[in-house]
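Values reported hereafter were calculated over all heavy atoms of this structure, with side chains retained and with hydrogens, waters and symmetry mates removed.
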Amino acid sequence: MRYLARRAVSLQDGAMAVKLVNQALATNWHILSKEPRRTLLTLAAAYFLRLLPQSLYS
């Protein structure tokens, strides 16, 4: 799921990225302790993409 969330970030689909990263954490929250850097970066990127104006990415 986290991989799919990263792909959604690459496609600039913030809503899908947030949904997928939340699903990844709900399914297996241990990814946060096993790979904290990758998980937190994906989480931050998804939420920033969702919350910040689209004009920042164009």
Side-chain angles (χ1 to χ4, degrees):
M1 289 288 175
R2 186 184 58 209
Y3 171 79
L4 295 175
R6 287 196 321 268
R7 296 292 65 95
V9 167
S10 296
L11 295 172
Q12 296 185 358
D13 187 352
M16 182 59 70
V18 167
K19 179 181 173 186
L20 289 168
V21 77
N22 286 338
Q23 224 172 359
L25 287 171
T27 302
N28 184 9
W29 61 269
H30 288 96
I31 62 173
L32 196 55
S33 62
K34 291 180 182 177
E35 294 184 283
R37 181 174 180 249
R38 181 174 287 180
T39 303
L40 290 174
L41 284 174
T42 304
L43 188 67
Y47 273 95
F48 281 140
L49 185 61
R50 179 76 171 130
L51 297 174
L52 294 176
Q54 187 68 23
S55 62
L56 290 175
Y57 303 104
S58 299

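Contact record, R50 with G14: CD-C, 3.8 Å, taken as the closest heavy-atom pair. Residue V9 comes nearest to A17 through the heavy atom pair CG2-CB, 3.7 Å, listed as atom of the first residue, atom of the second, then distance. Scanning all heavy atoms of the two residues, the minimum distance from A5 to V21 falls at CB-N, 3.7 Å.
When hydrophobic clusters are built by joining Ile, Leu, Val, Met, Phe, Trp and Tyr residues whose side-chain heavy atoms come closer than 4.5 Å, directly or via intermediates, L52 is grouped together with L49. One hydrophobic cluster, built from ILVMFWY side chains closer than 4.5 Å, cannot hold both M16 and L25; they sit in different ones. Cluster annotation: L43 and L41 are assigned to distinct hydrophobic clusters (Ile/Leu/Val/Met/Phe/Trp/Tyr, side-chain heavy-atom contacts under 4.5 Å, transitive). L4 and Y47 are members of different hydrophobic clusters when ILVMFWY side chains are connected at heavy-atom separations under 4.5 Å.
Interatomic distance, M1 CE to K19 NZ, rounded to the nearest 0.5 Å: 9.0 Å.
With R2 as reference, T39 is the one residue of T39, T27, N28, T42 to meet the side-chain hydrogen bond (donor to acceptor under 3.5 Å, both in side chains) rule.
Residues L40 and L32 have side chains in contact (heavy-atom distance under 4.5 Å, counting atoms from C-beta outward).
The main-chain N or O of H30 is found under 3.5 Å from a side-chain atom of S33 such that the two form a donor-acceptor pair.
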